[in-house]
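In this text, all values refer to a predicted model and were calculated from it rather than measured experimentally.
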Amino acid sequence: MTFDSVPGRPTPGSPSPTPPIVSGTPSVVQSLRTHSGGSVPFSVEFNPPRDAAGEARLWRAVREFERMHPAFVSMTYGAGGSTKDRTVRVTGQLARETTLLPVAHLTAVGHSVAELRSLVGSYADSGIRNILVLRGDPPGDPLGEWRRHPEGVEYADELVRIVRDLGDFHVGVASFPQGHHRSPDLACDTEYLAAKLRAGAEYSITQMFFEVEHYLRLRDRLAAFDPIEGAKPIIPELMPITSLRTVERAEELCGRPLPDSVLTRLRRAAGEGKEEDRAAVREVGIQIATEMAQRLIAEGAPCLHFITLNFAKATSEVLTNLGYGVTAAPLSA
């Protein structure tokens, strides 16, 4: 996920726009509120497939998760819009061909306002009414300098308003438990989040993290800064680690090194040989994700959002450990 800064300093306590009512399409927040089963809702994140084999794998995972009844599923958007067409097509298929509630990612990178409006229209034509708005990472180098499209937008709150002004859409945004690398400090990062929510976003999904305290501090900071916006759901994002290679991917996604306590457990499981003990690493990774989820549930998290990398088994095992009553998916990872 990406950093979404805003100019100026928002005024704490200012009410945000009233969420629209979308006929026939529930919002993420509505889905969380109406979740049945007696457990905290969960949701999952998919990535646009790169080829036919990847698409087949994605749809196997989709069907596995469909029977687990997540509150919603999200589809990411490639860096710089590199998977734009595939993202729109596959997310539309999720809306038309499954019982799942899809959320489409939308980033401002490399797009003019006219292109962004057209993309939102494409989502609407596909039956998508839930959109996760992100400013986006620079293509090729997520840590590089962010450059606004000459006819685009600079900040995520502008993109929130564009989507909201185009019709009955439900909008979510990104939040950052440890702050984003472009944010001067945590106080400013909290202001940026409050401004995005005040622009009309109804919830946020965090960047991945591996220490629950960071999530709790984010929640407390936002509530202290702006109690109105702080009452909106902050959905924690988790990633079950299944190999040391996945560790590198995890660090790339969250933009920060994993905590020493986590790395120590994983490396101990990997062993001293030339080849890691993948089964042992995977077992520890599932344990870590389960422990974090248990703590988050105890602390009142409104939902658990899992990065799946288009596999179902690891997430289903965590859910089983939590007592969700699902059968582990018979798929790899």
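- Y203 and H170 have their aromatic ring centers separated by at least 6.0 angstrom.
- A salt bridge links E299 with R295: the closest approach of a Lys/Arg side-chain nitrogen to an acidic carboxylate oxygen falls below 4.0 angstrom.
- The structure places CZ of F210 at 8.0 Å from CG of L238, a figure rounded to the nearest 0.5 Å.
- Taking CZ of R217 as the reference point, atom CD of E211 lies at 7.5 Å (rounded to 0.5 Å).
- Remark: of the listed residues R50, R89, R60, R89 is the sole one forming a salt bridge (Lys or Arg N to Asp or Glu O under 4.0 Å) with E55.
- Contact annotation: the side chain of V281 never approaches that of V247 to less than 4.5 Å [non-hydrogen atoms, C-beta and beyond].
- Heavy atoms from other residues, nucleotides or ligands lying under 6.0 Å from CZ of R63 number more than 12.
- Counting heavy atoms from C-beta on, the side chains of F169 and V120 come closer than 4.5 Å.
- The pair R198-D226 meets the salt-bridge criterion, with a side-chain N (NZ, NE, NH1 or NH2) lying under 4.0 Å from an Asp/Glu carboxylate O.
- Taking both residues in full, the closest heavy atoms of S316 and M68 are given as CB-CE, 3.4 Å, listed atom of the first, atom of the second, then distance.
- Environment of CG in D260: sparse, with no more than 12 heavy atoms of neighbouring residues, nucleotides or ligands closer than 6.0 Å.
- For R96, the CZ atom sits in a packed shell: over 12 heavy atoms of surrounding residues, nucleotides or ligands are nearer than 6.0 Å.
- The shortest distance between side-chain heavy atoms of T242 and L309 does not fall below 4.5 Å.
- Aromatic ring pairs are classed by plane angle as parallel below 30°, tilted from 30° to 60° and perpendicular above 60°; the pair F42 and Y324 is perpendicular.
- Between R161 and E158 there is no salt bridge, since no side-chain nitrogen of the basic residue lies less than 4.0 Å from a carboxylate oxygen of the acidic one.
- A distance of 11.5 Å separates OG1 in T87 from CD1 in I128, rounded to the nearest 0.5 Å.
- Taking a 6.0 Å sphere around CD of E97, one finds it holds more than 12 heavy atoms contributed by other residues, nucleotides or ligands.
- A donor atom on one side chain and an acceptor atom on the other are not found under 3.5 Å apart for S261 and T264.
- Listed here is the closest heavy atom pair of R117 and L166: NH1-CD2, 3.3 Å.
- We find that R282 and E276 are not joined by a salt bridge, their nearest charged nitrogen and carboxylate oxygen being 4.0 Å or further apart.
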